[in-house]
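Worksheet for the structure shown next.
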Amino acid sequence: MLNRTDLRGQVPTAAELRATLPRAEYDVDAALHHVRPVVEAVRDRGVEAVLEYTEKFDKVRPASVRVPRASLTQALAELDPAVRAALEESITRARKVHAEQRRTDVTTAVVDGGTVTEKWVPVERVGLYAPGGLAVYPSTVVMNVVPAQIAGVGSLVVCSPPQAAFDGLPHPTILAAAELLGVDEVWAAGGAQAVALLAYGGTDTDGAELAPVDIVTGPGNIYLTAAKRLLRGLIGIDSEAGPTEIAILADETADPVHVTADLISQAEHDPLAASVLVTTSVELADAVDKELVNRVAATKHSSRVAEALAGKQSGIILVSTVDDGLRVVDAYAAEHLEIQTADARAVAARVRNAGAIFVGAYAPVSLGDYCAGSNHVLPTGGFARHSSGLSVQSFLKGIHVVDYSEDALREVAGRVVALADAEDLPAHGEAVTARFGGAL
């Protein structure tokens, strides 16, 4: 049985909800102590340090960091046709959705002779991380690469941990996905050492340059997340991703089989994964608990699933009304939020905080993971209260271009001088009056 919290008849404040709702214990600050020496070693010794840590953590030492081009071609040629077809469909749908996100430049005429243009420019080079721990994630390659390509990023490198089972190369399905997407630069490196190498760059074992990147995106374990925090500033990052989460807001109309299957689907990611049901129906909660007994025992990763569901990060929250449920899920701000209620579309329209929202009985999170067209790199740990998932915008910079004529500057010069004087920055005003002989 899942842990239960009964909020019926109560109206907790937002602060009380944040303190009450289940969360995984995930201390990135504590991991910094372990990660800092790794990052500093890669900064100082480059690829040699990367290979040493790879041998220590991944139990394999690749001949080089960059994966040979022929290995990508071979991986795609040997890919299961059914998996290839599924990846191609995922890519097609993701490209369709993300193509609509591309920003266009906008010019505003502020006054006659004075304009400000917001110009959107893609970052020059990005590093896209695909994990390779408890599972292999070619879908994450798709979700990272597609928006970067549509944004117009000119240089992409996919980074994924080397596998002892594959002679020090990343998993062949990762390589095949990169090849399908037209990415020819893949690095066999994982964890904190991979993030450090992406940030600092280096020289490969064959003397080839491994150029540093401007942004690193993609999920990983707590050590990769700590490395992102440590290096943020030198590089941009998408987010500090924690363990995956699903919250389901459901009423008596929800099918307990659907709800149970969806809770298990997220729990199989990781023992720290969070599966939370928020419901107005005690009968549904009881039916889900009963269904879990059989389904958890029958699923492939039953031990991992059972640990995740029994953890403090998972549970059932009982509420009096759907309105109260909305307050709870907004406070929780789940990475993935399913709405399985009567009139689910209208309820979903009222949600303010979620990484992605899945509406009704036929939009499970698994659809979004692979083939909805949406992106599955999403904020966790409540970050959806203030942050968005990965998108084309993640790889674009907005630059204001200011273009004023002499007359347009003269017309506003007095205002500039007045504000400069108010801030006791007279040289700011003089930078304007110097253009008019020192006087207005």
Side-chain angles (χ1 to χ4, degrees), residues 26 28 30-72 74-75 78-79 127-141 144 157-178 185-206 208 210 216 218-228 230-231 241 243-244 268-273 300-301 303-304 307-308:
Y26 196 72
V28 176
L32 287 174
H33 172 72
H34 301 284
V35 162
R36 191 180 300 275
V38 176
V39 169
E40 291 176 350
V42 175
R43 178 197 64 197
D44 297 339
R45 297 192 292 114
V47 164
E48 181 59 29
V50 172
L51 295 178
E52 286 176 9
Y53 283 113
T54 298
E55 192 168 19
K56 178 179 179 180
F57 298 134
D58 299 311
K59 310 306 179 187
V60 66
R61 187 182 180 98
S64 61
V65 169
R66 182 159 180 172
V67 175
R69 187 72 183 79
S71 297
L72 304 181
Q74 180 181 354
E78 296 175 354
L79 185 65
L128 311 170
Y129 190 83
L134 293 177
V136 58
Y137 295 100
S139 58
T140 296
V141 179
N144 278 272
V157 51
V158 169
C159 205
S160 193
Q163 308 284 319
F166 299 105
D167 297 323
L169 296 177
H171 195 284
T173 316
I174 297 289
L175 303 183
E185 188 175 358
V186 179
W187 293 0
Q193 62 270 26
V195 179
L197 186 62
L198 288 167
Y200 291 113
T203 302
D204 210 346
T205 54
D206 61 359
L210 300 170
V216 173
N221 64 20
I222 192 169
Y223 301 107
L224 179 133
T225 301
K228 278 184 171 182
L230 194 59
L231 290 161
T244 191
E268 76 173 340
H269 274 286
D270 188 293
L272 289 175
K300 178 179 180 180
H301 303 295
S303 177
R304 186 190 309 164
E307 186 175 352

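Since we're looking at a predicted model, the values are computed, not measured. Scope of the values below: all heavy atoms of this structure, side chains included, with no hydrogens, waters or symmetry mates.
Two residues are said to be in side-chain contact when any heavy atoms from C-beta on lie closer than 4.5 Å; Leu198 and Trp187 meet this criterion. Using a 4.5 Å heavy-atom cutoff, the side chains of Pro62 and Leu169 are not in contact. Residues Tyr200 and Leu231 meet the side-chain proximity criterion, which asks for heavy atoms closer than 4.5 Å. Val65 has its side chain out of reach of Thr205: every pair of non-hydrogen atoms, C-beta onward, lies at least 4.5 Å apart. Counting heavy atoms from C-beta on, the side chains of Val141 and Ile174 come closer than 4.5 Å. Between Gln193 and Asp58 there is a side-chain heavy-atom pair separated by less than 4.5 Å. Counting heavy atoms from C-beta on, the side chains of Tyr129 and Thr140 never come closer than 4.5 Å.
In this structure, Tyr223 places its OH atom where only 12 or fewer heavy-atom neighbours from other residues, nucleotides or ligands lie under 6.0 Å away. Shown here is Arg36, whose CZ atom has no more than 12 heavy atoms of other residues, nucleotides or ligands within 6.0 Å.
The minimum heavy-atom distance between Tyr26 and Gly220, with the atom names listed, is OH-O, 4.1 Å. Contact between Gly168 and Pro162 at its shortest, heavy atoms only, is O-CB, 3.1 Å. The shortest non-hydrogen separation linking Ala196 to Val39 is CB-CA, 4.0 Å.
A distance of 9.5 Å separates CZ of Arg304 from NE2 of His269, quoted to the nearest 0.5 Å.
Side-chain N or O atoms of Ser64 include none that pairs as donor or acceptor with a backbone N or O of Asp204 at under 3.5 Å.
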